[in-house]
Undergrad: 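Handing you a structure now.
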Amino acid sequence: DVLKALTLSSVIFVWFIRYDNICEEFKSYGYSNKLRDFVGILKITSVVLIQSSSPINVQVGSGVLAFLMLCALGTHLKVKNSLIEMLPSATLMLFSIFFFVTA
């Protein structure tokens with residue numbers, strides 16, 4: 001599925017290619033390196049589960065990812081980021097909800 005591949009590639013891009021940016025963001029939000037790494041592991045695991053043909057794996061992965069994106073949106077609101085800065089989190093959350101419902 002195209003949306004699943006897009007979700008996987010976007011998470012991989014952000015957490016591997018742009019990892020330095022993630023480090024700076026988490027530091028600027030006052031979050032610990034342990035939390036950052038835990039979130040990264042959860043996100044990567046979640047998008048891998050979403051690629052599965054098993055509906056339960058897709059629901060677990062998409063449920064976790066939707067929760068993480070809700071938390072990310074909360075952080076963006078807390079620090080008063082712009083709507084453009086919130087768009088990736090909101091998009092991934094909507095995709096995750098879609099995957100959960102259609103699994």
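Residues: numbered from 1 along the sequence shown.
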Undergrad: Looking at L77, I want to see if its CG is surrounded by more than 12 non-hydrogen atoms of other residues, nucleotides or ligands under 6.0 Å.
TA: yes
Undergrad: Would I22 and V14 satisfy side-chain contact (heavy atoms from CB on, under 4.5 Å), going step by step from the backbone distance to the final call?
TA: CA-CA 7 Å; I22 289 293; V14 168; 3.3 Å; yes
Undergrad: Suppose we screen for side-chain contact (heavy atoms from CB on, under 4.5 Å). Which residues come up paired with I97, at least two apart in sequence or across chains?
TA: A66, M93, V101
Undergrad: For V79, which residues count as a side-chain contact (heavy atoms from CB on, under 4.5 Å) partner, sequence neighbours excluded?
TA: Y29, N81
Undergrad: Which value, rounded to the nearest 0.5 Å, describes the distance between H76 atom NE2 and L87 atom CG?
TA: 10.0 Å
Undergrad: Considering residues, nucleotides and ligands other than F26, do more than 12 of their heavy atoms fall under 6.0 Å from its CZ?
TA: yes
Undergrad: Do F98 and F100 sit in one hydrophobic cluster, given that two such residues count as connected whenever their side-chain heavy atoms are within less than 4.5 Å of each other, even indirectly?
TA: no
Undergrad: Who passes side-chain contact (heavy atoms from CB on, under 4.5 Å) against S9, sequence neighbours left out?
TA: L6
Undergrad: Indicate the atoms forming the closest heavy-atom contact of Q59 with A103, along with that distance.
TA: CG-CB, 3.6 Å
Undergrad: Looking at residues at least two apart in the chain, or sitting in another chain, which of them share a side-chain hydrogen bond (donor to acceptor under 3.5 Å, both in side chains) with S82?
TA: E85
Undergrad: Pick out which of V47, L94, D1 makes a side chain to side chain contact (heavy atoms under 4.5 Å, CB included) with F99.
TA: D1
Undergrad: Could you grab the distance from atom CE of M86 to atom NZ of K80, nearest 0.5 Å is fine?
TA: 10.5 Å
Undergrad: List in chain and number order the residues that pass side-chain hydrogen bond (donor to acceptor under 3.5 Å, both in side chains) with S52, two or more places apart in sequence or in another chain; answer none if no residue qualifies.
TA: N57
Undergrad: Can you tell me how far apart OG1 (T102) and CG (L3) are? Round to the nearest 0.5 Å.
TA: 9.0 Å
Undergrad: Verify the neighbour count for atom OH of Y19: are there more than 12 heavy atoms of other residues, nucleotides or ligands below 6.0 Å?
TA: yes
Undergrad: Work out which heavy atom in M69 is nearest to a heavy atom in S89; give both atom names and the distance.
TA: CB-O, 3.5 Å
Undergrad: My understanding is that only residues two or more places apart in sequence, or in another chain, count here; which of them pass side-chain contact (heavy atoms from CB on, under 4.5 Å) with T45?
TA: I41, L49
Undergrad: Do F38 and K43 have side-chain heavy atoms sitting under 4.5 Å apart?
TA: no
Undergrad: From F95 CZ over to S10 OG, what is the distance, rounded to the nearest 0.5 angstrom?
TA: 8.0 Å
Undergrad: Closest heavy-atom contact between S46 and V64?
TA: OG-CG1, 3.2 Å
Undergrad: I'd like to know if L65 and V48 are part of one continuous hydrophobic network [Ile/Leu/Val/Met/Phe/Trp/Tyr, side-chain heavy atoms within less than 4.5 Å].
TA: no
Undergrad: Quick check for you: to the nearest 0.5 Å, what is the distance between C23 atom SG and N33 atom CG?
TA: 7.0 Å
Undergrad: Report yes if some heavy atom in the side chain of V11 is under 4.5 Å from a heavy atom in the side chain of L92; otherwise report no.
TA: yes
Undergrad: Test F13 against R18 for side-chain contact (heavy atoms from CB on, under 4.5 Å), laying out the working first.
TA: CA-CA 6 Å; F13 177 76; R18 299 194 66 222; 3.1 Å; yes
Undergrad: What's the spacing between F67 CZ and S96 OG if we round to 0.5 Å?
TA: 13.0 Å
